[in-house]
Amino acid sequence: MPEKSYDHKEIELKWYQRWKNADLYKPEENSAKPKYYVLEMLPYPSGALHIGHVRNYSIGDALARYKWMRGFNVLHPMGWDAFGLPAENAAIANRRHPYEWTMSNIRNMKRQHQRMAFSYDWSREIATCEPEYYRWNQWFFLKMLERGLAYRKKALVNWCPECATVLANEQVVDGCCWRHESTPVEMRALDQWFLKITAYADELLEDIAQLEGGWPERVLLMQKNWIGRSEGTEVDFPVEGSGHKIRVFTTRVDTIFGATCVILAPEHPLVAQLIGPELEAPVKAMIDARARKDPGDLEKEGLFTGKYAINPYNGERVPVWIANFILMGYGTGAIMAVPAHDERDFEFCRQYGLEVRPVIRPVGGELADPQTMTAAFTEYGVVERSGQWSGMPSELARQQMTEFAEKNGFGKSAVTYRLKDWGISRQRYWGTPIPVIHCGKCGIVATPEDQLPVILPPHVEITGRGRSPLENVPEFVNVKCPQCGGAARRETDTMDTFVDSSWYFYRYCDPHNDRAPFDPDKVAYWFEIDQYIGGVEHAILHLIYSRFWTKMMRDLGLVKNDEPAKRLFTQGMVIRDGAKMSKSKGNVVSADEMIERFGADTGRLFELFAAPPEKDMDWTDAGANGAHAFLGRVYRFVTRNVDRMSGGDGAGPTDADRKALRKLHQTLKKITEDFETRWHFNTSIAALMELMNELTSIEKDLTPASIPEVLEKLVLMLEPFAPYVVEEMWEQMGRTGPVFRQPWPEYDPELAKEDAAEIPVQVNGKLRARILIAFGSAEADVLRLALSDSKVQPYIDGKQVIKTIYVPDRLVNIVVK
RNA sequence: GCCCGGGUGGCGAAACAGGCAGACGCAACGGACUUAAAAUCCGUUGACCCGCAAGGGUCGUGCGGGUUCGACCCCCGCCCCGGGCACCA
């Protein structure tokens, strides 16, 4: 048969059409097979924006396909269409997605809300435009409200002027909005809804141990740092001549005899009561300066209140200051400054000429001289000049001094976290409405469950300014109070879209349930997720929220697992021209263009081939072209050899056949091992290329003794990397697909074995010759051969052989003197 | 400043257990086919040196040491790049 040219458009369209209505990816109900749940982190099935997104699928989809072929019952919501044809995206999306959203729906909303385009995010958009999904977000919200896990309070929150909305702490990067990298976030005091993620702070931290080994170390580390648990002591310093007490938090109560002042954050509630009118303006200026969050290092700045506080341990009178480096959001918003033993306090006190008083000496050393000290001594040591605790090691003093405070009622041991409650209020149109009603008489009233979902009104004008756009929609806002029936106002804040992504993967297990978010039994079968795949940028966003959500659902009795995903794989970014691909840099390669030019198969293949998946990869059009050429070579090889699969003269296998089968089984071994261990698909694909190079070089000597097996296994091995073209070749070979439902081929170790090896001979570690030996030769035979080799001779002639090393079938090294 | 990664040809990379450094691909160059181009196919390609040639030699995995018969790999000390955290008391 003459070879066929590789027309990716024709092939991909054909197979897409052929199977678009078949439910190929549905896992089997009540299957006895081992289950496997693999999921990519961006939960939209198609229409990838750029090839950076495609990479995510290429990896997860290759793995899912391999697992299918290996006989697992796989839940993989992306499936075949993860990377579909551009013209057909809408149809694919419509069919595949469990929430049955429609692409046109999204497009319309997008057009209608051009002004909101900046907050556009595919993964969450899917969920947020879907009323059924609102319903369960709202349902969860009400459950949390009942349990005190959702609450409303006035708080200083991050405000992005560009988005015109509040942001969670996790969504502020370098003082700027995570979507607008050059827009500094402002601080505003607003009434906001929070979810009490801090109730799970300890558990989120402790359960990191369960994830070790399965999650990348750096993600766990980032989460640990983010949670930022620290154990310490709270101590009250009464303010002289007033009834007020300043409560400070310290992890080093053992240094308290060295405290030479107390410092408040400028936002601290006591400040207003302590300062005179002459300080009001400077304090306000300090707050404003910090709210602007200059990205550069803020110079330490302090204001003396004129008041003094009493150190309860020694009765000493210390001045009370206000300073810009004290954070209201951490600890109690007030500290005791111990300049001798804390870097920041040292810098501050030297700047303002406050006393530096060392009270900790190194073990075996002496107290530093405060006159000549140039840096604080921050380590543990031995406590001195500290009354009854003098001479005690720091650790012990910390413990006993804390107990002393508790006994005398002026302090206690305390744990603080860097982690804050999750602010979920957004002044956006886009998102799940928060299902509560504000009543003048009854206060905050939950929307009754049978009135869910609260749906967004259509035709809302997006002003991009001030408060939620929903406030301008009277028919949405004006409601009757469900309790007293009086006039009331509906909450106009919507939920952070990270709420949606916190549990979407549970819904995949039971997407059409209209009585509950999902059936716990169905979820119990699939969870935990065996393998989750996504970018590292979600380490302290989505990945911490979804852990919290899982624990919350477990406490509601909905799930049994403590953690959402056993294993997490973070793939590298796609780089182009040395820069991370992003909309703001304008260097994106659109997936649609790429599919048009090279095809979906080429896109996957090149993304997997260019670098190991955990590493960043460089996108080059030329490289993609190379991958495309390879698929063409395979396709032409198969099509011109299909009619040589049978017939022939019945003679036994030729040398070429034996060679081809050996290489075939070696390749299969290699790829199988790559899938089972480290997912270095770049070397798998390189092995396939080597196989093709070998096959084409001996092609004319191949006979039906090897061709059927070679073609079959070649196609099966390529399946995870190029699923469309593989279906076409399978059909050309007279077989019926889908190919990924075929079993993964087993390799034969005997066939894969080489019978002879060319091994290097070294003299004193330097390569001098290569000799040909039979595999498994006896050491003595190999050494005899090596020592008598004509190229080795000159180097050992007249010298004494001290030692010989033989690594079986690998190398000979002769040591001479 | 602290904590993670990483540094190998012109480029992306490979070397999985301390055992032939540079597999596989891109780019480049030479050739075949073609009116031409594209596509395709064949060949060369780490650097330097010797040789007309066949061939041979030296160097080479960021830098400097060490361990070892043997080091991209292990140890010690640096340099550089990327990422995360950073007044967290």
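None of these values were measured; they are calculated from a predicted model. Residue numbering restarts at 1 for every chain, and letters A, B, ... go by the order of the sequence lines.
Nearest nucleotide to the A:Ile335 side chain, out of B:A89, B:A13, B:C59: B:A89. When each of B:A14, B:G19, B:U58 is scored by its nearest atom to the side-chain atoms of A:Arg768, the top-ranked nucleotide is B:U58. Proximity note for A:Tyr795 (side chain, C-beta onward) versus B:G57, B:C59, B:A89: the nearest is B:G57. The nucleotide whose nearest atom lies closest to any side-chain atom of A:Pro612 is, among B:C59, B:A89, B:A13, B:A13. Between B:A14, B:U58, B:C85, one nucleotide has an atom nearer to the side chain of A:Ile540 than all others, and that is B:C85. Comparing B:G12, B:C41, B:A14 by their closest approach to the side chain of A:Phe609 singles out B:G12. Closest to the side chain of A:Ala629, out of B:C4, B:C85, B:U40, is B:U40. Taking every side-chain heavy atom of A:Asp342 into account, B:A89 is the closest of B:A14, B:A89, B:G19. Ranking B:A13, B:C87, B:G19 by closeness to the A:Leu327 side chain, first place goes to B:C87. Nearest to the side chain of A:Arg636, among B:C41, B:C69, B:C59, sits B:C41.
A glycosidic torsion no more than 90° from 0 defines the syn conformation, and B:G9 adopts it.
Contact annotation for A:Tyr417: no contact, since no heavy-atom pair falls under 4.0 Å across all strands. Residue-level contact check: A:Leu221 touches the backbone only, with heavy atoms under 4.0 Å from sugar-phosphate atoms and none from bases. Contacts of A:Arg218 with the nucleic acid, taken as non-hydrogen atoms under 4.0 Å apart, involve only primed sugar atoms and P, OP1 or OP2. Across all strands shown, A:Glu673 has no heavy atoms under 4.0 Å from either base or sugar-phosphate atoms. At the heavy-atom level, A:Gly228 lies nowhere under 4.0 Å from the strands shown. Within the nucleic acid shown, A:Thr620 has no heavy atom closer than 4.0 Å to any nucleic acid atom. Across all strands, A:Lys615 comes closer than 4.0 Å only to sugar-phosphate atoms, never to a base (heavy-atom distances). Residue-level contact check: A:Lys791 touches the backbone only, with heavy atoms under 4.0 Å from sugar-phosphate atoms and none from bases. Residue-level contact check: A:Ile326 touches the bases, meaning some heavy atom is under 4.0 Å from a base atom. Residue A:Asn693 is classed as a sugar-phosphate contact, given heavy-atom separations below 4.0 Å to backbone atoms only.
Base pairing of B:G5: its partner is B:C81, meeting the Watson-Crick or G-U wobble criterion (both donor-acceptor distances under 3.5 Å). Base pairing of B:C73 is not made with any nucleotide, judged by Watson-Crick or G-U wobble geometry with both donor-acceptor distances under 3.5 Å. B:C52: no Watson-Crick or G-U partner with both key distances under 3.5 Å is found in any strand. With a cut-off of 3.5 Å on both Watson-Crick or G-U wobble distances, the partner of B:C41 is given as B:G31. Checking B:C59 for Watson-Crick or G-U wobble geometry (two distances, each under 3.5 Å) identifies B:G46 as its partner. B:G25 is paired with B:C11 under the criterion used here, namely a Watson-Crick or G-U wobble arrangement in which both key atom distances are under 3.5 Å.
Ring geometry, A:Phe410 versus A:Tyr313: the interplanar angle exceeds 60°, so the pair is classed perpendicular (tilted spans 30 to 60°). The aromatic rings of A:His628 and A:His8 lie perpendicular to each other, with more than 60° between the two planes, well past the 30° mark.
Defined by atom type and a distance below 3.5 Å, a donor-acceptor pair is missing between the side-chain atoms of A:Thr402 and A:Ser413.
With the nearest nucleotide of RNA chain B identified for both A:Arg418 and A:Val807, A:Val807 has the one nearer the 5' end. Where A:Gly623 and A:Met328 each meet RNA chain B at their nearest nucleotide, the meeting point lying more 5' is that of A:Gly623.
The nearest pair of heavy atoms linking A:Thr251 to A:Glu231 is CG2-O, 3.5 Å.
Residue A:Glu301 contributes atom CD, which lies 17 Å from atom P of B:C87 at whole-angstrom precision. As rounded to whole Å, 14 Å separates atom P of B:C87 from atom CD of A:Glu343. One interatomic measurement links the two molecules: CG of A:Asn682 to C1' of B:A15, which rounds to 12 Å at whole-angstrom precision. As rounded to whole Å, 16 Å separates atom P of B:C87 from atom CZ of A:Phe249. Distance, A:Met617 CE to B:A13 C1': 12 Å, rounded to whole Å. Atom pair A:Leu605:CG and B:C26:C1' shows a separation of 14 Å (rounding to whole Å applied). Computed from coordinates, the A:Glu690 CD to B:A15 P distance equals 12 Å when rounded to whole Å. In this structure, CE of A:Met222 is placed 10 Å from P of B:A86, rounded to the nearest angstrom.
Taking only side-chain nitrogens and oxygens, A:Thr696 never comes nearer than 4.0 Å to OP1 or OP2 of B:C41.
Taking the C1' atoms as reference points, B:G6 lies 34 Å from B:A89, given to the whole Å. B:G65 sits 26 Å from B:A47 when the P atoms are compared, rounded to a whole Å. On the C1' atoms, B:A21 is 8 Å away from B:C72, given to the nearest whole Å. Taking atom C1' in both B:U67 and B:G57, one finds a spacing of 29 Å when rounded to whole Å.
Contact check on A:Arg768 versus A:Asp789 returns no salt bridge, with no Lys/Arg side-chain nitrogen under 4.0 Å from an Asp/Glu carboxylate oxygen. One finds no salt bridge joining A:Asp7 and A:Lys9 here, because no Lys/Arg side-chain nitrogen approaches an Asp/Glu carboxylate oxygen to under 4.0 Å. Taking the charged nitrogens against the carboxylate oxygens, A:Arg597 and A:Asp621 do have a contact shorter than 4.0 Å, which makes a salt bridge.
Under the side-chain contact (heavy atoms from CB on, under 4.5 Å) criterion, A:Glu690 pairs with A:Lys663, not counting sequence neighbours.
Between A:Phe681 and A:Phe675, the distance separating the two ring centers is shorter than 6.0 angstrom.
One donor-acceptor pair, N or O on each side, does fall under 3.5 Å between the base of B:C69 and the side chain of A:Asn813.
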